[in-house]
Amino acid sequence: MESAPTLDWVSIASTPLSSAELTTWATRANCGAVVTFCGMVRDNSHDLEEIEALEYETDVELAERRIVDIIAEARIRWTNLGAIAIHHRMGRVELSESAVVIVVSAPHRGPAFEAAAFCIDAVKSCVPMWKRELWQGGSAWSEEGRAIMKVQEMPSLEPDPETSSARTQ
Amino acid sequence: MESAPTLDWVSIASTPLSSAELTTWATRANCGAVVTFCGMVRDNSHDLEEIEALEYETDVELAERRIVDIIAEARIRWTNLGAIAIHHRMGRVELSESAVVIVVSAPHRGPAFEAAAFCIDAVKSCVPMWKRELWQGGSAWSEEGRAIMKVQEMPSLEPDPETSSARTQ
Amino acid sequence: MARLLLLGPAREAAGIGNDEIDGNSVTEVLQEAVRRYGTGFEDVLRISQIWINGEPGESRTSVGPHDQIAVLPPISGGCN
Amino acid sequence: MARLLLLGPAREAAGIGNDEIDGNSVTEVLQEAVRRYGTGFEDVLRISQIWINGEPGESRTSVGPHDQIAVLPPISGGCN
């Protein structure tokens, strides 16, 4: 997808991500809430202390299809969302750069938060994407392996009844 | 607070907000997640269809004190957060501009989402801030009035047990 | 005597945002404020919180010239 | 005959990401792939999902030259 589409924007590319561009893109006159999630390369993982970059490997076509499925499922679970963008890097991503950016706009903040959290959970669970951890003088596949899930099998994010009335205003 | 502080950044001002600046500011080498919430002026409210701006009235000192309390409470409830910024506009804010921006970074995404949602809930409930809705040829105080709460009285956002294990990775 | 801070609908009803008013307690100051600003202000005051020096306070609290009494009507939330 | 797509650890174990392999079913193609790439690949294959033309598939499915068989090892998540 080359130019910015209207409602759903999916991209997997090796160029740096701009959360600012996506946040601006997701702004809609009828939406009072825009939630932006940046998943960034951090300097440690389960067993490593000095990570300096990650390297993502995927097949763009398979991965983009799954991301399209994730957005479709989010729109089924939250029926009143505005714009949704899910952009993922591939290849080498440096420390403190964004590997994934997710933006969801909605009239109210409850669904925007919930749908954004659902989307990143689903990206981690349902998209064919492999991650190598790179440190000074070495690299290895990230160890926390699990089978790729179908998007429809993702557990639901039930809003907490105690706070959902306040959050859906 | 004139220059960007290290961990907590509170501001109430009449100048436009830049969520991009705050997102960049909140980036930390040990944080894999940055959640940014923009609360924007939308074109409708409970009973109005064509809002063109909002006008926020506050006392900066009282409001900033409450926002400092909100951040302190967030750091009690989520002990491993990175940076937290809460910036709020006062005065007139045009349609599709941000009235409030909240950014939370954390090592993992679960606490980043939860603390950001807590912060905006608390801003809406605990900060002395009054909102006028402006439309072509008229204006009125927003109708959904409720008493200002203490920050410590905010209900907790219990993570859904079904999904919290996935979200705290 | 105390400094009075009126916000939002309270400021609008009183027609003034800051004032200095005689009185030895919060109650006395607010009674004088109602006399000064009228029944429209009294209606807002009835549903408002009173903060003394930035924290929720009691109406029987005694006040001096450096104390700030803020009248805070119900809020409408920061956004969406 | 089918097009084989090997990703992540499967690509690494096979030493190749794309291949064309004879066989009338998914099972036959993957048996030939194991013969070609060795036991390191077989170990990864055992814990991998098989997708046919972009969707999870069955190993007894018959395949032709335009079908794509993808070998997808467990994933480690996109980030944090």
Side-chain angles (χ1 to χ4, degrees), chain A residues 18-21 23-24 26-46 51 82 95-99 101-103 105-110 112-114 116-118 120-122 124-125 144 154-167 169, chain B residues 18-21 23-24 26-46 51 82 95-99 101-103 105 107-110 112-114 116-118 120-122 124-125 144 146 154-167 169:
Chain A
S18 166
S19 67
E21 179 190 359
T23 302
T24 302
T27 302
R28 299 286 183 276
N30 69 330
C31 289
V34 180
V35 172
T36 303
F37 172 79
C38 297
M40 288 173 168
V41 177
R42 69 169 193 272
D43 59 9
N44 65 90
S45 70
H46 292 177
I51 289 175
L95 181 65
S96 291
E97 285 187 350
S98 288
V101 175
I102 289 171
V103 183
S105 60
H108 301 287
R109 68 189 187 282
F113 271 111
E114 291 161 12
F118 168 80
I120 180 58
D121 287 356
K124 285 182 68 80
S125 298
E144 4 148 22
M154 286 294 293
S156 60
L157 291 171
E158 291 299 332
D160 176 8
E162 215 175 33
T163 58
S164 63
S165 64
R167 295 177 67 192
Q169 269 198 38
Chain B
S18 166
S19 67
E21 180 190 359
T23 302
T24 303
T27 302
R28 299 286 183 275
N30 70 330
C31 290
V34 181
V35 172
T36 303
F37 172 80
C38 297
M40 288 172 168
V41 177
R42 68 169 193 273
D43 60 8
N44 65 90
S45 71
H46 292 176
I51 289 174
L95 181 65
S96 291
E97 285 187 350
S98 289
V101 174
I102 289 171
V103 183
S105 61
H108 303 287
R109 68 189 186 283
F113 271 111
E114 290 160 14
F118 169 80
I120 180 59
D121 286 356
K124 284 181 68 78
S125 298
E144 4 147 23
R146 48 183 174 166
M154 286 293 294
S156 60
L157 291 170
E158 291 298 332
D160 177 9
E162 214 176 35
T163 58
S164 64
S165 64
R167 295 177 67 192
Q169 266 197 41

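Residue numbers begin at 1 in each chain, while the letters A, B, ... track the order of the sequences.
By the side chain to side chain donor-acceptor pair (under 3.5 Å) test, A:S19 pairs with no residue at all, sequence neighbours left out. Residues passing the side chain to side chain contact (heavy atoms under 4.5 Å, CB included) test with A:S18 are A:A20, A:E21, sequence neighbours excluded.
For the residue pair B:R42 and A:P107, the shortest heavy atom distance occurs at NH1-O, 3.4 Å. Considering every non-hydrogen atom in both B:L95 and A:A29, the closest pair reads CD1-O, 4.0 Å. Taking both residues in full, the closest heavy atoms of A:F37 and B:A33 are given as CE1-CB, 3.6 Å, listed atom of the first, atom of the second, then distance. In terms of heavy atoms, A:M40 sits closest to B:T27 at CE-OG1, 3.4 Å.
Contacts between B:A112 and chain A at a heavy-atom distance below 4.5 Å are absent for every atom of the residue. The contact between A:N30 and chain B is made by backbone and side chain atoms together, counting heavy-atom distances below 4.5 Å.
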